[in-house]
Amino acid sequence: MKQLPDGIRHLPGYFDVAEQQALVDEIRAVVSAAPLYTPTMPRTGKEMSVRMTNCGALGWVTDKERGYRYQPTHPVTGAAWPAIPDRLLALWQAVANCPQPPQACLVNFYDAAAKMGLHQDRDEEEFSAPVVSVSLGDACLFRVGGTKRNMPTTSFRLESGDVVVLGGEGRLAFHGVDRIYAGTSALLKNGGRINLTLRRVTKAVAGC
Ligand code: SIN
Ligand code: FE2
């Protein structure tokens, strides 16, 4: 396995197929309460290729007018986000090394053509907690680098059931998704990839 930057952990096959299927069912329930929508970039209003929704007390959203932010309600329906499934709370307890539970779970859906440019997750107030990410469905090519955009990057494949933890020195590492490998998983009946990212958003009194 490749050497990853400090603070980046890749846990291949963390969830077995039965657990992946159960997670997909749980995320389907989330999506029926909080439908996927197409986010737009701050200022330009350019549409992202990934569709998004959230579960948890807070959800990450973006649009032309108000940019990147967290809010307690769905930007289209105005409803509170559904709860984070227990299976994901248990994952956080097991790998995050942070006693405070996650406040936000961003649900990203990638079709075969979707990708995500290199970025940092830095809209949170709390960087002592990691970002914990789960991949379901088609594999992707994931890229991760350092804390500055011009630092060298390395890329590797994420398969269905894999978990990635961006913590410690890696919490603010640049990362992105270069491409989806369509047809590499039968988990989602219409194909595509789901990525779930668990985060703390506000400062915890005791930190993590
Ligand atoms: C993200 O950075 O929000 C998504 C990463 C991924 O899809 O693996
Ligand atoms: Fe990210």
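For ligands, and for the atoms within them, numbers begin at 1 and follow the listed sequence.
Listed here is the closest heavy atom pair of V132 and V163: CG1-CG1, 4.1 Å. Nearest approach of Y37 to W60, heavy atoms of both residues: OH-O, 4.1 Å.
The contact set between ligand 1 and Y110, taken as ligand atoms under 4.0 Å from a residue heavy atom, comprises 4 (C), 5 (C), 6 (C), 7 (O). Counting atoms of ligand 1 from 1 in the listed order, those under 4.0 Å from a heavy atom of F142 are 8 (O). Heavy-atom contacts of V177 reach the following atoms of ligand 1: 6 (C), 7 (O), 8 (O) (cutoff under 4.0 Å).
Polar contact check, N195 against ligand 1: a nitrogen or oxygen pair lies under 3.5 Å apart. By the 3.5 Å distance cut-off applied to N or O atoms, N108 is counted among the residues near ligand 1.
Taken as a pair, C105 and C55 fail the criterion of an SG-SG distance shorter than 2.5 angstrom.
Among heteroatoms of the N, O or S kind in D121, OD1 lies nearest the Fe ion (ligand 2).
Of all the heavy atoms of V164, none lies under 4.0 Å from any atom of ligand 1, so neither backbone nor side chain is involved.
Panel note: side chain R171, backbone D121; a donor-acceptor pair is recorded below 3.5 Å.
Across the listed options H175, K115, M52, R193, R193 owns the non-hydrogen atom lying nearest to atom 8 (O) of ligand 1.
To the nearest 10 degrees, the angle centred on the Fe ion (ligand 2) between NE2 in H175 and NE2 in H119 reads 90°.
Residue, atom and distance of the protein heavy atom nearest to atom 1 (C) of ligand 1 are M116 SD, 3.5 Å.
Among the candidates I194, L196, V50, the single residue satisfying the side chain to side chain contact (heavy atoms under 4.5 Å, CB included) test with N108 is V50. For the side chain to side chain contact (heavy atoms under 4.5 Å, CB included) criterion with P35, the lone passing option out of T77, V30, V76 is T77.
Side-chain N/O atoms of N195 and S133 include a donor and acceptor closer than 3.5 Å.
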